[in-house]
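Contents: one structure, followed by commentary.
One is the number of the first residue; the rest follow in order along the sequence. Everything numeric here is computed off the predicted structure, so don't read it as measured data.
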Amino acid sequence: MRTLIADGTVVSATGRVRADVVVSGEVIEAVVAPGSEIAESLRRSGDVHVINAADRYVVPGGVDVHTHMELPFGGTFASDTFETGTRAAAHGGTTTIVDFAVQREGEDVRECLDAWFAKAEGQCAIDYGFHMIMGGIDERSLKEMDTLINDGITSFKLFMAYPGVLYSDDGKILAAMQQAHHNGGLIMMHAENGIAIDVIAAQAAARGQTDPVYHGITRPPRLEGEATYRAIQLALVAGTPVYFVHLSASEALTHVAAARNEGYNVFAETCPQYLYLNLEEHLGAPGFAGAGYVCSPPLRSRHETHHADLWRGLRTNDLCVVSTDHCPFCMKEQKELGRDDFRLIPNGLGVVEHRMDLIYQGVVQGELSLERWVETCATTPARMFGLYPRKGSITPGADADVVIYNPNSTSRISAETHHMNMDYSCFEGFEIAGATETVLSRGRVVVDGGNYLGSRGDGQYLRRSLSQYLL
Ligand code: DUC
Ligand code: ZN
Ligand code: ZN
């Protein structure tokens with residue numbers, strides 16, 4: 001069966017063109033001028049499903065390379081399962097996620113990975129891959145990094161935060177980076193100085209400063225900057241690229257930009273929450289409402305330079321990817337765990353459904369070009385994490401993951417209408433100019449006009465290649 005996406009404006013990372021997109025089975029067959037012979041003969045045959053995309057953008061399905069479905073954290077689990085989280089992603093025009101399998105000190109990497117395969121298998125609405133969180137670096141786990149690469153796990157996240165949980169010291173980080181230098185894996189870094197943060201957080205709690213806002217106050221931007229600088233030095237010593245996840249602070253961006261200016265393979269992503277939300281209004285919301293905004297790194301002050309700098313970083317490519325760090329917890333029974341002590345609030349926000357819409361607002365507001373929206377939300381994440389050209393572009397042979405986006409529609413984000421398994425929304429009331437109208441995942445329409453037409457288990461596991469950004 002073929003589908004003809006007719007008369008839309010096809011947007012790529014490098015330009016836009018009015019075109020018809022021909023989909024055959026699960027892949028893109030052709031991108032042709034509107035009314036060209038191939039499209040017309042398809043119409044005449046009658047054996048084609050035509051989607052009218054006039055006055056719409058036709059963009060590659062979003063690729064969110066940072067999600068945590070069902071992540072165990074602080075005595076609970078992220079509230080989206082692979083089923084609910086990937087369905088919500090599809091509603092928002094994201095057709096691929098890369099989630100994180102987790103290994104901790106003393107655990108066998110392979111067994112941990114298998115546990116994550118088991119959680120996701122047969123559950124996902126869209127295609128999915130895994131990175132591996134290496135929470136326990138030792139001789140055995142270092143060797144296992146090599147074998148994971150053959151199974152399509154080609155990136156490894158390390159933590160400079162969360163001492164005693166997922167934290168790696170500098171020696172362990174260096175050893176993992178050296179391993180990546182040899183096996184071609186990409187090191188992803190959560191850069192916050194967790195040792196110092198824990199001291200500051202304990203001091204605050206001892207003073208009775210237990211409200212959610214202290215989560216942010218005790219994780220100063222300088223400690224993200226310091227960890228970012230340190231990780232860059234370690235990566236340079238090991239001779240390996242490094243990719244910073246969820247960069248939130250000007251102090252960190254400065255170090256990334258400086259390293260890139262010197263010619264080093266240093267990369268970074270940011271997330272919508274760091275562009276739109278802030279410490280004072282959101283994390284500092286009255287009562288316990290701020291708990292709904294507790295994530296790490298924390299939301300940053302609106303009185304500092306972070307938000308403007310992050311938009312600028314996205315324009316200049318010092319930030320090359322937008323992901324979500326999707327890690328939702330309900331207020332009821334989950335965020336509540338930290339009512340008396342901000343240190344016990346599970347860290348994370350639910351964003352996977354709204355990334356494409358929120359970054360598109362940057363286009364509307366003149367922060368980014370349309371092409372840059374596609375590049376940061378689909379093309380570069382696919383290239384960075386070994387999914388390109390199968391994902392992240394509308395070109396012949398690529399998977400037919402396509403979003404038909406209506407720039408003339410509007411919507412309003414609300415917990416009452418979102419599809420994530422969360423009892424609140426961090427973006428409640430945000431007015432969105434533009435809307436995801438139709439979503440194809442490997443050639444099948446899975447969302448149309450807000451209706452979900454797919455099924456649990458449609459999504460396939462993606463064995464990833466090495467990053468295209470290694471050299
Ligand atoms: N940060 C979060 O906010 N949640 C999960 C893990 C992380 O690093
Ligand atoms: Zn992290
Ligand atoms: Zn994360």
>> Can you give me the closest heavy-atom contact between G74 and L337, atom names plus distance?
In response: O-CD1, 3.9 Å
>> Checking C271 against T324 for the side chain to side chain contact (heavy atoms under 4.5 Å, CB included) test, could you report, in this order, the C-alpha distance in whole Å, the side-chain angles of both residues, the deciding distance, and whether it holds?
In response: CA-CA 5 Å; C271 311; T324 58; 5.5 Å; no
>> Do I28 and V21 have side chains that approach each other closer than 4.5 Å (heavy atoms only, starting at C-beta)?
In response: yes
> Pairs in or reaching into residues 422-433: which pass side-chain hydrogen bond (donor to acceptor under 3.5 Å, both in side chains), with residues at least two apart or in two chains?
Replying inline: S414-E428
> Less than 4.5 Å apart, any side-chain heavy atom of L370 and any of T9?
Replying inline: no
> Has K157 got its NZ or CZ under 6.0 Å from the middle of the six-membered ring of F100, at an angle within 45 degrees of the ring axis?
Replying inline: yes
>> Let's go through V242 and F267 carefully: what are the C-alpha distance in whole Å and the side-chain angles of both, what is the deciding distance for side chain to side chain contact (heavy atoms under 4.5 Å, CB included) to 0.1 Å, and is it a yes or a no?
In response: CA-CA 6 Å; V242 59; F267 308 102; over 6 Å; no
> Under the salt bridge (Lys or Arg N to Asp or Glu O under 4.0 Å) rule, what pairs show up with a residue in residues 286-310, not counting sequence neighbours?
Replying inline: E224-R300, E281-R302, D309-R312
>> Measuring from atom CG of D64 to atom SG of C377, what distance do you get when rounded to the nearest 0.5 angstrom?
In response: 9.0 Å
> Got a salt bridge between E336 and K332, using NZ or NE/NH1/NH2 to carboxylate O under 4.0 Å?
Replying inline: no
Using residues 340-354 as the side-chain source, report each donor-acceptor pair under 3.5 Å to any protein atom, sequence neighbours left out, with the distance given to one decimal.
{"from": "D341", "atom 1": "OD1", "to": "R343", "atom 2": "N", "distance (Å)": "2.9"}
{"from": "D341", "atom 1": "OD1", "to": "R343", "atom 2": "NE", "distance (Å)": "3.2"}
{"from": "D341", "atom 1": "OD2", "to": "R343", "atom 2": "NE", "distance (Å)": "3.3"}
{"from": "D341", "atom 1": "OD2", "to": "R343", "atom 2": "NH2", "distance (Å)": "2.9"}
{"from": "N347", "atom 1": "OD1", "to": "Y162", "atom 2": "OH", "distance (Å)": "2.9"}
{"from": "N347", "atom 1": "OD1", "to": "S296", "atom 2": "OG", "distance (Å)": "2.6"}
{"from": "N347", "atom 1": "ND2", "to": "I345", "atom 2": "O", "distance (Å)": "3.0"}
{"from": "E353", "atom 1": "OE1", "to": "H419", "atom 2": "N", "distance (Å)": "2.7"}
{"from": "E353", "atom 1": "OE1", "to": "M420", "atom 2": "N", "distance (Å)": "3.3"}
{"from": "E353", "atom 1": "OE2", "to": "H419", "atom 2": "N", "distance (Å)": "3.3"}
{"from": "E353", "atom 1": "OE2", "to": "H419", "atom 2": "ND1", "distance (Å)": "2.7"}

>> For T67, run the side-chain contact (heavy atoms from CB on, under 4.5 Å) check against I97, D325, T94 and tell me which one passes.
In response: I97
>> The criterion is ring pair (Phe, Tyr, Trp, His ring centres under 6.0 Å); which residues satisfy it with F385, sequence neighbours excluded?
In response: H131, Y243
>> Just checking Y461 against W116, ring centres under 6.0 Å apart?
In response: no
> Does any N or O in the side chain of R260 come within less than 3.5 Å of the main-chain N or O of V266, such that one atom is a donor and the other an acceptor?
Replying inline: yes
>> Strictly distance-based, threshold 3.5 Å: is any side-chain N or O of H418 a donor or acceptor partner for the main-chain N or O of M422?
In response: yes
>> Any heavy-atom pair between the side chains of C112 and V102 that's under 4.5 Å?
In response: no
> Between the side chain of Q123 and the main-chain N/O of K119, is any donor-acceptor distance below 3.5 Å?
Replying inline: no
>> So does T380 get a backbone contact from the side chain of Y388, meaning a donor-acceptor N/O pair under 3.5 Å?
In response: no
> Would you say the side chains of D198 and Y167 form a donor-acceptor pair under 3.5 Å?
Replying inline: no
> Should the ring pair F82 and Y128 be called parallel, tilted or perpendicular, given that the plane angle runs from 0 to 90° and is split at 30 and 60?
Replying inline: tilted
> How would you list all residue pairs meeting salt bridge (Lys or Arg N to Asp or Glu O under 4.0 Å) that involve residues 282-293, not counting sequence neighbours?
Replying inline: none
> Which residue pairs pass the salt bridge (Lys or Arg N to Asp or Glu O under 4.0 Å) test when at least one of the two sits in residues 65-86, sequence neighbours left out?
Replying inline: E83-R87
> Does the ring center of W373 lie less than 6.0 Å from the ring center of Y57?
Replying inline: no
> For E333, which residues count as a side-chain hydrogen bond (donor to acceptor under 3.5 Å, both in side chains) partner, sequence neighbours excluded?
Replying inline: none
> Which residue pairs pass the salt bridge (Lys or Arg N to Asp or Glu O under 4.0 Å) test when at least one of the two sits in residues 244-253, sequence neighbours left out?
Replying inline: none
>> Regarding T14 and E371, do their side chains bring together a donor and an acceptor under 3.5 Å, going by distance alone?
In response: no
>> Please check: side-chain N/O of D211 versus main-chain N/O of V213, any donor-acceptor pairing under 3.5 Å?
In response: no
> In Å and rounded to the nearest 0.5 Å, what is the CD1 to CE distance from I153 to M132?
Replying inline: 8.0 Å
>> The test is side chain to side chain donor-acceptor pair (under 3.5 Å); show your working for S250 and T305 and say whether it passes.
In response: CA-CA 6 Å; S250 300; T305 52; 2.7 Å; yes
>> V445 vs V439, test: side chain to side chain contact (heavy atoms under 4.5 Å, CB included). Steps then yes/no.
In response: CA-CA 6 Å; V445 175; V439 180; over 6 Å; no
> Taking only residues two or more places apart in sequence, or in another chain, which ones meet H282 in a ring pair (Phe, Tyr, Trp, His ring centres under 6.0 Å)?
Replying inline: Y293
> How far apart are the C-alpha atoms of V31 and D20, what are their side-chain angles, what is the distance that settles it, and do they pass the side chain to side chain contact (heavy atoms under 4.5 Å, CB included) test?
Replying inline: CA-CA 6 Å; V31 181; D20 289 349; over 6 Å; no
> Going from CZ on R219 to CD1 on I197, what distance comes out if it is rounded to the nearest 0.5 angstrom?
Replying inline: 4.0 Å
> If we ignore angles and hydrogens, is there a donor and acceptor under 3.5 Å between the side chains of N317 and R372?
Replying inline: yes
> Is there a donor-acceptor contact under 3.5 Å from the side chain of D401 to the main chain of G62?
Replying inline: no
>> List the residues meeting ring pair (Phe, Tyr, Trp, His ring centres under 6.0 Å) with H306, not counting sequence neighbours, and say none if there are none.
In response: none
> Sub-3.5 Å donor-acceptor pair from the side chain of S79 to the main-chain atoms of N421, do we have one?
Replying inline: yes
>> So I432 and R412, do their side chains get closer than 4.5 Å, heavy atoms only?
In response: no
Using residues 447-454 as the side-chain source, report each donor-acceptor pair under 3.5 Å to any protein atom, sequence neighbours left out, with the distance given to one decimal.
{"from": "D448", "atom 1": "OD1", "to": "T438", "atom 2": "OG1", "distance (Å)": "2.8"}
{"from": "Y452", "atom 1": "OH", "to": "S455", "atom 2": "N", "distance (Å)": "3.3"}

> Does F244 have any ring pair (Phe, Tyr, Trp, His ring centres under 6.0 Å) partners at least two apart in sequence or in another chain, and if so, which?
Replying inline: none
>> Looking only at side-chain N and O atoms, does D127 offer a donor or acceptor that is under 3.5 Å from a partner on Q460?
In response: no
> Is a side-chain N or O of R355 found less than 3.5 angstrom from the main chain of V63, in a donor-acceptor match?
Replying inline: yes
>> Main chain of F130, side chain of R464: is a donor-acceptor contact present, judged purely on distance under 3.5 Å?
In response: yes
> Given side chains that start at C-beta, do those of Q203 and Q209 come closer than 4.5 Å, heavy atoms only?
Replying inline: no
> Do H190 and H246 make the cut of ring centroids closer than 6.0 angstrom?
Replying inline: yes
> If you round to the nearest 0.5 Å, how far is NZ of K391 from OG1 of T96?
Replying inline: 4.0 Å
> Within the side chain of H215, is there an N or O that forms a donor-acceptor pair under 3.5 Å with the backbone of C295?
Replying inline: yes
> Taking atom types as modelled, is there a side-chain donor on S441 or T95 under 3.5 Å from an acceptor on the other?
Replying inline: no
>> As an exercise, state the distance from CG of L247 to NE2 of H255, rounded to the nearest 0.5 Å.
In response: 10.5 Å
